[in-house]
Amino acid sequence: MLNIIDFNKIVHEDFFNSSFYHKNKLLLLIWYFHDILASNPLDYSIDYVKLFKYPEEDLKIITQDWEKIVRKIRNGKAHELSEGDTMYLGACTKGSTAAKSMRKQPNSDILAPQRAFSLKGSYMTSILRNYILNDIGTYESIVKDPSALEEYSFEEYVKSEIRKHRGRSLDELMTEFNINPKSKDRTSRVALKILGVESKNASEFEKANIKVKAIRIEYNGKIKEHMSFPTFKFKDLVNESWEESEFRTMLSETRFFFVIYKKDKNGNLILDKEMFWNMPIGILDTEVKKVWKEAKQIIKDGVVLTQKGKRTFNNLPSPSENPVSHVRPHAQNSEDTYPLPDGRKMPKQCFWLNNSFILEQISLQEED
DNA sequence: AATTTCGGTCAGATGCGCTT
DNA sequence: AAGCGCATCTGACCGAAATT
C-alpha cells in the first residue's frame with residue numbers, strides 16, 4: 001500500500017513529477033513473520049529489511065501501469081479501476097467502509113471508491129524471493145532489454161510477438177518448439193517459447209500475476225468448454241464475505257493472457273488471436289457476486305441432491321441461470337469430496353466462467 | 001436427429017511430507 | 001540436499017440426459 005490517489009489532482013500529473021513517484025521512488029521494505037501463534041502483533045519477528053529502488057526493467061512497467069491507471073481516470077472511468085488492470089502497480093480500494101469511501105472524480109458524475117497505489121502481492125513476493133532471498137528458482141524474463149519498452153508497452157510487445165505466429169497450428173508449434181504434446185500446460189508453454197522463455201513461467205507474468213489461458217474455439221464459432229478455477233471448500237465458503245472471498249480476490253487480482261486457437265474444418269487448432277483480459281469490476285460485483293451469494297446460501301441451507309439414473313443433480317447455480325458464472329464439479333471422481341457444513345460429503349466443486357461469457361468478452365476485444 | 005447441458009472423469013503436473 | 005511416495009491440482013475431455 002502506497003499513497004492515496006487524488007482523482008482530481010492526478011490527472012494533471014506526469015509520472016516523474018507525480019506524487020506517487022515523489023513519495024515512493026525509494027522504499028524501506030520491512031518484512032515480518034505473521035506468526036498466528038503470537039498473541040500480540042508487536043511480537044512478530046522482523047526478518048528482512050531492505051532499502052529498495054525499482055530495478056530499471058521494473059520501473060518501465062510500473063510507469064506504464066501508472067499511465068494506464070491515470071488514463072482511466074482521465075477518461076472518467078475511475079469507478080471502473082481494478083487491480084487486475086495493471087501489472088506491478090495496482091490501484092486498490094482504500095477506506096474505512098465501502099459506503100464512506102466514495103469519492104468524486106473528474107470527467108464523470110459517477111462516484112468512485114477511493115483508491116490507493118499499491119505494489120501487488122505477486123510483485124512483493126517476487127521482490128522478496130529474487131532480490132532479498134536470492135532464490136534460485138526465478139524465471140526468465142520476456143523483455144531482456146528494458147529499452148525495448150521505450151516505444152511499446154509490455155502488453156503490446158507480447159501481443160506482437162505472438163501475432164507473428166498467427167495462422168499456424170498448435171501441432172506445428174509444439175513440434176517446432178519441442179513441447180510434449182501431452183503436457184497439460186502445452187498451450188502456455190508454446191506461448192512462453194514464442195516469447196523466448198524456456199522456463200515454465202516468465203518473470204513478468206509471475207510478478208504481475210498473469211495467468212496464460214488457452215481458449216479453443218470450435219469450427220462453429222462456439223467455445224465448447226467453460227473455464228475452470230481452483231476448487232473451494234464448502235465449509236470455508238460459508239464463512240466468507242463476498243468482499244473477502246477467495247473467488248473475488250482471485251478474479252480481481254489476476255490478469256489473464258488469452259491465447260486463442262480456432263479449429264479449422266479438419267479439427268486442427270490454429271493460433272488465431274491473443275489478448276490480455278481481466279474481469280471487469282462492474283460484472284464482478286454484480287453477476288459474479290449474485291452467483292457466489294446464491295451458492296453460499298444454498299450450501300448454508302443444505303444442498304438439495306436429487307438422484308437421476310447414475311447421476312446426482314444438485315441445486316447449485318447452473319450455467320443457464322446466469323450469463324457469467326456457475327458452479328460445477330471439479331474433482332477426480334465422485335469419491336473425491338469435501339465435507340458440507342451439515343456433515344454430508346459432496347464432490348469437489350469450483351466456480352466456472354461460462355463459455356458464452358468468455359466468447360462475448362473475446363469478441364468485445366475491449367482494449368480500454 | 002442434432003445439439004446443448006452439466007455432472008462427472010481423466011491423466012500429467014505439481015507440491016508436500018517424510019526419510020535418508 | 002535429494003529422492004520417494006502420495007495427494008492434490010489443473011486443463012482438457014466425456015457422455016447421458018435434456019432440449020431444440
Side-chain angles (χ1 to χ4, degrees), chain A residues 125 129 133-137 139 169-171 173-174 178-193 198-201 205-206 209-236 246-247 250-251 254 256-263 267-269 277 291 294-295 298-299 303-340 344-360:
Chain A
T125 305
R129 288 184 53 193
L133 301 179
N134 286 320
D135 195 326
I136 31 107
Y139 298 116
S169 75
L170 180 60
D171 289 343
L173 291 165
M174 285 189 301
N178 197 18
I179 288 159
N180 176 8
K182 283 184 178 170
S183 72
K184 289 280 163 179
D185 58 352
R186 56 186 180 270
T187 37
S188 97
R189 290 299 276 268
V190 165
L192 290 166
K193 287 265 194 168
E198 292 292 324
S199 47
K200 66 180 174 174
N201 200 357
F205 284 2
E206 196 211 16
N209 200 18
I210 294 173
K211 297 243 157 31
V212 180
K213 287 261 185 195
I215 293 168
R216 291 158 307 125
I217 298 179
E218 298 297 304
Y219 188 58
N220 66 7
K222 293 191 171 173
I223 300 175
K224 200 163 164 188
E225 304 294 338
H226 305 284
M227 188 177 280
S228 69
F229 293 97
T231 54
F232 58 77
K233 293 198 171 77
F234 303 110
K235 287 181 165 181
D236 290 351
E246 226 177 297
F247 193 50
M250 188 277 298
L251 280 181
T254 308
F256 297 93
F257 183 49
F258 290 163
V259 182
I260 304 162
Y261 289 87
K262 220 169 176 171
K263 267 191 185 163
N268 294 317
L269 288 166
W277 181 83
V291 174
E294 201 189 320
I298 290 168
I299 295 165
V303 181
V304 180
L305 301 170
T306 28
Q307 198 74 30
K308 274 184 202 166
K310 275 184 179 174
R311 302 197 301 164
T312 310
F313 284 76
N314 62 54
N315 60 335
L316 290 166
S318 72
S320 51
E321 291 170 49
N322 183 281
V324 180
S325 178
H326 65 278
V327 176
R328 282 242 315 288
H330 201 192
Q332 197 59 30
N333 54 43
S334 50
E335 258 85 71
D336 187 17
T337 60
Y338 278 136
L340 288 163
R344 289 178 297 165
K345 289 179 171 207
M346 189 175 176
K348 294 174 183 172
Q349 311 276 321
C350 76
F351 287 97
W352 298 66
L353 290 181
N354 296 2
N355 49 8
S356 52
F357 172 69
I358 299 290
L359 191 64
E360 187 187 300

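Residue numbers begin at 1 in each chain, while the letters A, B, ... track the order of the sequences.
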Q: Between atom CG in A:Leu192 and atom C1' in B:dA13, what is the gap in whole Å?
A: 15 Å
Q: If only atom types and distance count, is the side chain of A:Asn315 paired as donor or acceptor with the main-chain N or O of A:Val304 below 3.5 Å?
A: yes
Q: If you compare every side-chain N and O of A:Tyr338 against the phosphate oxygens of C:dC9 (OP1, OP2), does one of them come in below 4.0 Å?
A: yes
Q: What distance separates A:Phe351 CZ from A:Leu251 CG, expressed to the nearest 0.5 Å?
A: 10.0 Å
Q: For the residue pair A:Phe234 and A:Tyr338, categorise the inter-ring angle as parallel (less than 30°), tilted (30 to 60°) or perpendicular (more than 60°).
A: perpendicular
Q: Quick one: A:Phe351 CZ to C:dC9 C1', roughly how many Å, whole number?
A: 18 Å
Q: Tell me: CZ of A:Phe232 to P of C:dC9, nearest whole Å?
A: 13 Å
Q: Quick check: does any side chain N or O of A:Asn354 sit under 3.5 Å from a backbone N or O of A:Phe357, one acting as donor and the other as acceptor?
A: no
Q: Rounded to whole angstrom units, what separation is found between the CG atom of A:Leu269 and the P atom of C:dG11?
A: 17 Å
Q: Do A:Pro317 and A:Ile298 have side-chain heavy atoms sitting under 4.5 Å apart?
A: yes
Q: Can you give one letter per nucleotide of nucleotides 2-8 of chain B, going 5' to 3': B for a protein heavy atom under 4.0 Å from the base, S for sugar-phosphate only, - for none?
A: --S-BBB
Q: Should the ring pair A:Phe256 and A:Trp277 be called parallel, tilted or perpendicular, given that the plane angle runs from 0 to 90° and is split at 30 and 60?
A: tilted
Q: Measure the distance from CE on A:Met227 to P on C:dC13 and round it to the nearest whole Å.
A: 14 Å
Q: Take the protein atom NZ of A:Lys348 and the nucleotide atom P of C:dT10, then report the distance between them rounded to whole Å.
A: 11 Å
Q: Quick one: label A:Ala331 by what it contacts on the DNA or RNA (base, sugar-phosphate, nothing), any heavy atom closer than 4.0 Å.
A: base
Q: Let me spell it out: for each of A:Lys233 and A:Ile215, pick the nucleotide of DNA chain C with the closest heavy atom. Which residue's pick is nearer the 5' end?
A: A:Lys233
Q: Round to the nearest Å and state the distance from A:Asp336 atom CG to B:dT9 atom C1'.
A: 10 Å
